[in-house]
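Structure record follows, encoded as structure tokens.
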Amino acid sequence: MNRTSEDRVEALLRQMTVEEKIGQLSLIQSDEGRISNDLRQRIRGGRIGGVLNETDPEVAREIQRIAREESRLGIPLLIGRDVIHGFRTVFPIPLGQAASWDLDLVERCARASGREAAASGVNWTFSPMLDIGRDPRWGRIAETFGEDPWLIGEMGAAMIRGFQGDDLSSPEALATSAKHFVGYGASEGGRDYAATFIPETELRNVHLPPFERAVEAGTPTVMPSFSDLNGIPATGNEWLLTDVLREEWGFDGLVVSDWNAVQELSVHGLTDGDREAARVASGAGIDMEMASQTFAEHLRSILDSGELPLSRLDAMVRAILRVKQRLGLLADTSPEALPPAPEPDLDLAREAAAACTVLLKNHDSILPLAPEALNSIAVIGPLADDPYEQLGTWIFDGDPALSQTPLSAIREEVGDAVRVEYERGLETSRSESRERFEAAMVLARGADVAVLVLGEESILSGEAHCRADIRLPGAQEALVRAVAETGTPVVLIVMAGRPLALQAVVPHVDALLFAWHPGTMAGPGLSDVVFGRVAPSARLPVTFPRVSGQVPLYYAHRNTGRPPTPESVVSIDEIEPRAAQTSVGNTSFYLDAGDSPLFPFGFGLTYSDFAYENVRVSTESLRTGDSLTVSVDLANQGPVEAVETVQLYVRDVVGSITRPVRELKAFQRVLLASGETTTVSFDLTTDDLSFVDRHNQRVTEPGAFHVWVGGDATADQMATFRVEDGS
Ligand code: BGC
């Protein structure tokens, strides 16, 4: 913050009573659409700093008017809302957006969502979520950008740029909140809110980097995780919130607790009751308390007894006022009216739905479908025509009336020339009844192609919606088999909030499109892909296991001392009865699932065919501080123009702590016409090769490195180079 802004904050702080200061620390649930007497009195008395979940523009305006005109110091409120992947117009879930590998698209979706929310009076979003998504059982993986720390950081920064723009005081900008700090994605067993045990080197190499990136990108607020981190829940974790966040990274914004998380410190068993919870959380670094009111109730007595210095209270209030100042809320002039609600950006929602859909299988190039070659299409499945379920989790403000479903879009695309008939097959994605299978089979038998739209309805992912078995729920696997038995080619579209274990169905379908929850324009976006108006370009931001029991399964794992080899991995069926214990060799894999995922991180097909050749480095030896260029020749050998997402992975072969077998360091989306070739180059510096060592120091260690460039995390074209000691 510049001097004048800081002066404004200090000037206000000097005028505030202790009660008014404590008031700023409260973030409470709004009355949603009205202002109760109690809320009015609290605003007038300067006893709250913000509300969440008010989205009625008139009420929001009135709240700010009361704060400005009727409270002693006229300090407006933060108005927070979870704008996670859209507002009225819903874009693909964050995990889906990550699959686009398109930072510009993520930024544009955030900007469009922010503009809609700002028109409702919201000035703060609890987004982006930067948790590491390596366990698809965890329902909140839907909200993540996947499993890779670097990609998550880049996506998060793009979302922050989208919401905040260049100027946070613009009426269309929202302040962001990087959440959940930190390690929430590592909740044991993929059970929401469960404890995490993460060694400091792992925290620093994997979980913290996306947050550091968000701080660099200018997020003014950070939300700690609900979870217990190595025995100290994040909400009461001074090392995390003060030593790392503020002292190491220089963060000067606001740390807001998650919902009731301060009070829950006592449920965790870290504190004994609300007073102690307030003392521990405020001392650890929480500035603003969401929902529970332990600060409001106990901070005065904690301050009076000297258990918390007044300087800490001032620091908490300063952090909150700084955000208000950056949002332009403390300006002397009252803001103009709220910006008008923009028209829903349906074109962007359609573009995003197509750009986030990953083509995972395309046997005999069945896709794209050519309407002129078809007489009839059987559309089957409970998610083919459900305006609500295609939206996904966290869509409080989403308007299902805007939704266009796959069924309606397919009908619109093919017009009268092709007969399109529909059968749900199952009542919901969870239904077990096979009553309608016969009808589905009759429809499929009479059609040239069956398009199945299956997956998870919205409620099966998101917060507190974890699954132990991540196959298609209900009788959906059986429905796929039944339809496939008819012999009609099957195109399976899956909408889901997490990676699913699809091993049992993939062999039965000709094509597989994984669309996540694509949002408002799921239908037109998918139809663009299915009929080839858009060649799919999305890539998995997360590994897809074969079966649930393989998770967590992620590409950047450590090698172990006994990694599997193609020869060492045997299947359970190959083992002779009474085989000796040593007969299968001792390497790291599952007898019943092997060692590999169903689809690796970074994977995705398109309608063309790309060939990589001649991965090379500009130098085979470089000194710390230098850089090198890695290049590859890329050819589009397929029939159509398409985007290839060229990915670069590195392995630091020997480290003072063992390093992952591969780490994504860069990618480029390259558009090539059919028959076109190009050279794709990446510059890498030795900083890009650094990691945090056992002494918690960031280092680039001399030694050998492998570098691969290719279309997914199993890319096999490699070059090598060495980093020499720079000294
Ligand atoms: C979630 C947060 C969210 C908050 C406010 C909590 O339950 O963990 O991600 O921002 O609620 O709605």
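Read the numbers this way: they start at 1 and go in the same order the structure lists the ligands and their atoms.
Shown here is Y388, whose OH atom has no more than 12 heavy atoms of other residues, nucleotides or ligands within 6.0 Å.
The proximity of M129 to ligand 1, defined as any non-hydrogen pair under 4.0 Å, does not occur for either the backbone or the side chain.
Residue contacts with ligand 1: R140 is placed with a nitrogen or oxygen under 3.5 Å of a nitrogen or oxygen of the ligand (distance criterion only). Residue W394 has no N or O atom closer than 3.5 Å to an N or O atom of ligand 1. Between N53 and ligand 1, a contact under 3.5 Å exists for no N or O pair.
Between the side chains of T271 and S266, a donor-acceptor pair is found at a separation under 3.5 Å. A donor-acceptor contact under 3.5 angstrom links the side chains of Y184 and D192, judged on distance only. For the residue pair W124 / T221, a side-chain donor-acceptor distance below 3.5 Å is found, with atom types taken as modelled. Donor-acceptor pairing under 3.5 Å is lacking for the side chains of E463 and T393.
The pair D287-R322 does not count as a salt bridge, with every side-chain nitrogen at least 4.0 angstrom from each carboxylate oxygen. One finds no salt bridge joining R246 and E238 here, because no Lys/Arg side-chain nitrogen approaches an Asp/Glu carboxylate oxygen to under 4.0 Å.
For M290, the heavy-atom gap to ligand 1 drops under 4.0 angstrom.
Within ligand 1, counting atoms from 1 as listed, the ones closer than 4.0 Å to a heavy atom of K179 are 2 (C), 3 (C), 9 (O), 10 (O). With ligand atoms numbered from 1 in the order given, ligand 1 contributes 2 (C), 8 (O), 9 (O) to contacts under 4.0 Å with heavy atoms of H180. Within ligand 1, counting atoms from 1 as listed, the ones closer than 4.0 Å to a heavy atom of M223 are 10 (O). Within ligand 1, the atoms closer than 4.0 Å to a non-hydrogen atom of F126 are 10 (O), numbered from 1 in the order shown.
Scanning the protein for heavy atoms near atom 11 (O) of ligand 1, the closest one is D258 OD1, 3.4 Å. For atom 7 (O) of ligand 1, the closest non-hydrogen atom of the protein is E463 OE1, 2.8 Å.
The residue from D82, D131, D192 that puts a heavy atom closest to atom 5 (C) of ligand 1 is D82.
Partners of D274 by salt bridge (charged side-chain N to carboxylate O under 4.0 Å, His left out), not counting sequence neighbours: none found.
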